[in-house]
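Indexing begins at 1, ligand by ligand and atom by atom, following the structure's order.
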Amino acid sequence: ANSHRLWPEIDRVVKQEVSMASLGVGECGSGWQLFAEDGEMRMFRREEEMDGMVVDPLKAVHVVKGITGHEVCHYFFNPQYRYDWETTLEHMIVLETVSEDTLIFHQTHKRIWPASQRDVVFWSHTRRLPNDQDRDGPDIWTVVNNSTEHPDHPANAGKCVRIFLTVCLLCQTRVDPPKDGAPVSRDDITCKITYCSVVNPGGWAPASVLRAVYKREYPKFLKRFTAYVKNQTKDKPIMY
Ligand SMILES: CCCCCc1ccc(-c2ccc(S(=O)(=O)CCO)cc2)cc1[C@H]1C[C@H]1c1ccccn1
């Protein structure tokens, strides 16, 4: 609902994150280094530190057959599926349902030795975007997650170190209708997924530990999540 106190911030952050995610890794300046590759999935990061803490921006691009951007965003945004694919999640609660396309979450993630346990509070917003390039092509879908404060969960009040993140999942669907005029099936659709994230680990954690954790966890997350969406949708009607 655009009457909510967060609406101006949500609209600004969504627009800026979508335009950043739309840039190719070549375009948004050099500095992106490929650090993981698996089939159609390529993961890039920039090595950046803030106050001596690793905050390496991550940009992953993946092309998955048989699913649409709307489906990818549906399974990423909706809380009822999250425990199925988010392996580092220990606890998740929806603090506020701002509207059907905007939720506020509190999540605690499993402790990663030797760092202390982390938690995060973020608003999550999903939106269909007009497809500027191809007017009659399927729309673009996005989910943006951005840290926010919430009175019931002040930062660093409990056992967890509060992390701060901005995440953008941007999905563009392509339909290649069969030559013989047969109805479009899942074999005729492809989704180009761009996942961007910047995670500030909050309290200090060794750079070597953080970089090792990201190198292990991000490829695992994107592969597991996209496989989950393919499996959930394979026998269902296509959601454009
Ligand atoms: C010493 C480790 C400090 C950081 C631990 C940590 C916490 C949260 C997160 C995180 C929180 C949310 C999102 S999301 O995209 O919004 C989806 C909703 O859950 C994504 C990643 C990441 C990590 C880092 C493990 C790393 C890691 C990387 C991809 C997946 C899981 N863990």
Side-chain angles (χ1 to χ4, degrees), residues 10 13-14 17-18 20-21 35-36 38 41 43-45 48-62 72-95 102-126 141-148 153 155-156 158-171 193-229:
I10 290 171
V13 172
V14 168
E17 286 304 308
V18 166
M20 290 286 285
F35 78 90
D38 183 319
M41 183 181 75
M43 289 219 153
F44 302 84
R45 71 167 172 212
E48 283 180 19
E49 305 203 357
M50 195 189 295
D51 313 329
M53 283 187 302
V54 164
V55 291
D56 301 356
L58 177 115
K59 178 175 269 197
V61 286
H62 197 4
V72 171
C73 289
H74 173 78
Y75 288 98
F76 187 76
F77 173 76
N78 284 284
Q80 65 262 36
Y81 309 111
R82 197 156 297 172
Y83 284 110
D84 297 345
W85 54 264
E86 178 70 287
T87 51
T88 68
L89 195 59
E90 181 180 86
H91 187 252
M92 167 198 66
I93 182 169
V94 176
L95 298 177
T102 306
L103 302 172
I104 297 180
F105 290 93
H106 176 248
Q107 296 188 170
T108 58
H109 287 255
K110 289 170 184 156
R111 181 167 179 261
I112 295 170
W113 187 87
S116 45
Q117 188 171 24
R118 258 68 182 177
D119 74 339
V120 58
V121 173
F122 59 94
W123 54 254
S124 183
H125 175 77
T126 188
W141 277 87
T142 188
V143 176
V144 176
N145 295 343
N146 192 51
S147 290
T148 190
H153 292 270
N156 304 313
K159 61 180 159 84
C160 292
V161 171
R162 178 63 49 88
I163 69 163
F164 300 91
L165 58 76
T166 302
V167 164
C168 178
L169 182 70
L170 187 68
C171 302
I193 299 169
T194 303
Y195 174 90
C196 296
S197 89
V198 180
V199 175
N200 179 324
W204 186 81
S208 57
V209 167
L210 277 170
R211 289 193 167 122
V213 164
Y214 295 157
K215 191 172 173 74
R216 184 185 70 234
E217 292 297 335
Y218 277 113
K220 191 168 79 173
F221 147 71
L222 197 55
K223 279 186 67 173
R224 178 182 171 92
F225 172 65
T226 51
Y228 174 78
V229 177

Of the backbone atoms (N, CA, C, O) and the side-chain heavy atoms from C-beta on, which set of [X] has a member under 4.0 Å from an atom of ligand 1: side chain, backbone, both, or neither?
X: Leu165; answer: side chain
X: Phe105; answer: neither
X: Ile163; answer: side chain

Inset, instruction - Flag the pair Glu17 / Val14 as yes when at least one side-chain heavy-atom distance between them is below 4.5 Å, and no otherwise. - result: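 Side chain of Glu17 against side chain of Val14, heavy atoms only: no contact under 4.5 Å found.
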
Inset, instruction - With the side chain counted from C-beta on, respond yes when Phe105 and Val120 share a heavy-atom pair under 4.5 Å apart, and no when they do not. - result: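 Side chain of Phe105 against side chain of Val120, heavy atoms only: no contact under 4.5 Å found.
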
Inset, instruction - Going by the ring pair (Phe, Tyr, Trp, His ring centres under 6.0 Å) test, name the single residue among Tyr228, Tyr81, Trp141 that passes it with His74. - result: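 With His74 as partner, Tyr228, Tyr81, Trp141 yield a single ring pair (Phe, Tyr, Trp, His ring centres under 6.0 Å), made by Tyr81.
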
Legend entry - Name of the residue among Tyr75, Phe76, Tyr195 meeting ring pair (Phe, Tyr, Trp, His ring centres under 6.0 Å) with Phe225: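 Answer after filtering Tyr75, Phe76, Tyr195: Phe76.
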
Inset, instruction - Flag atom 22 (C) of ligand 1 as yes if some protein heavy-atom distance to it falls below 4.0 Å, otherwise no. - result: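 Given the 4.0 Å limit, the answer for atom 22 (C) of ligand 1 is no, no protein heavy atom qualifies.
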
Inset, instruction - Can you confirm whether something in the protein, heavy atoms only, sits under 4.0 Å from atom 29 (C) of ligand 1? - result: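 When distances to the protein are checked, atom 29 (C) of ligand 1 has a heavy atom within 4.0 Å.
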
Return the residue, atom name and 0.1 Å-rounded distance of the protein heavy atom closest to [atom].
atom: atom 25 (C) of ligand 1; value: Val213 CG1, 3.4 Å
atom: atom 10 (C) of ligand 1; value: His109 CE1, 3.9 Å
atom: atom 31 (C) of ligand 1; value: Thr88 OG1, 3.3 Å
atom: atom 24 (C) of ligand 1; value: Tyr214 CE2, 3.6 Å
atom: atom 27 (C) of ligand 1; value: Glu217 CB, 3.5 Å

Please identify which atoms of ligand 1 are closer than 4.0 Å to at least one heavy atom of [X].
X: Ala115; result: 1 (C)
X: Ile112; result: 25 (C)
X: Tyr195; result: 15 (O), 20 (C)

Legend entry - Row check, Phe35 ring normal vs Arg211 NZ/CZ: under 6.0 Å, within 45°: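 The answer is no, since Arg211 fails at least one limit relative to Phe35.
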
Got an N/O contact under 3.5 Å between [X] and ligand 1?
X: Gln107; answer: yes
X: Tyr218; answer: no
X: Glu86; answer: yes
X: Trp85; answer: no

Drop me the distance from [X]'s [atom1] to [Y]'s [atom2], to the nearest 0.5 angstrom.
X: Cys73; Y: Leu170; atom1: SG; atom2: CG; result: 8.0 Å
X: Arg111; Y: Lys159; atom1: CZ; atom2: NZ; result: 10.5 Å
X: Thr108; Y: Leu89; atom1: OG1; atom2: CG; result: 6.5 Å

Legend entry - Option of least heavy-atom distance to atom 16 (O) of ligand 1 (set: Leu222, Asn145, Leu210):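 Answer by nearest heavy atom: Asn145.
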
Inset, instruction - May I ask you to decide if Lys215's main-chain N or O and Arg45's side chain share a donor-acceptor pair within less than 3.5 Å? - result: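 Between the backbone of Lys215 and the side chain of Arg45 there is no qualifying donor-acceptor contact (under 3.5 Å).
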
Legend entry - ligand 1 contact by Val120, heavy-atom criterion under 4.0 angstrom: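 Val120: no contact with ligand 1 (<4.0 Å).
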
Inset, instruction - Take every heavy atom of Val199, measure it against each atom of ligand 1, and state whether any distance is under 4.0 Å. - result: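 The answer is no, since Val199 has no heavy atom less than 4.0 Å from ligand 1.
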
Inset, instruction - Carefully, step by step, assess His109 and Asp119 under the rule side-chain contact (heavy atoms from CB on, under 4.5 Å). - result: CA-CA 6 Å; His109 287 255; Asp119 74 339; over 6 Å; no

Inset, instruction - Using only heavy-atom distances, determine whether the side chains of Glu86 and Gln107 contain a donor-acceptor pair under 3.5 Å. - result: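 Side chains of Glu86 and Gln107: no pair found under 3.5 Å.
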
Legend entry - Residue pair Tyr214 / Asp56, side-chain donor-acceptor N/O under 3.5 Å: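 There is no such pair (donor and acceptor under 3.5 Å, judged by atom type) between the side chains of Tyr214 and Asp56.
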
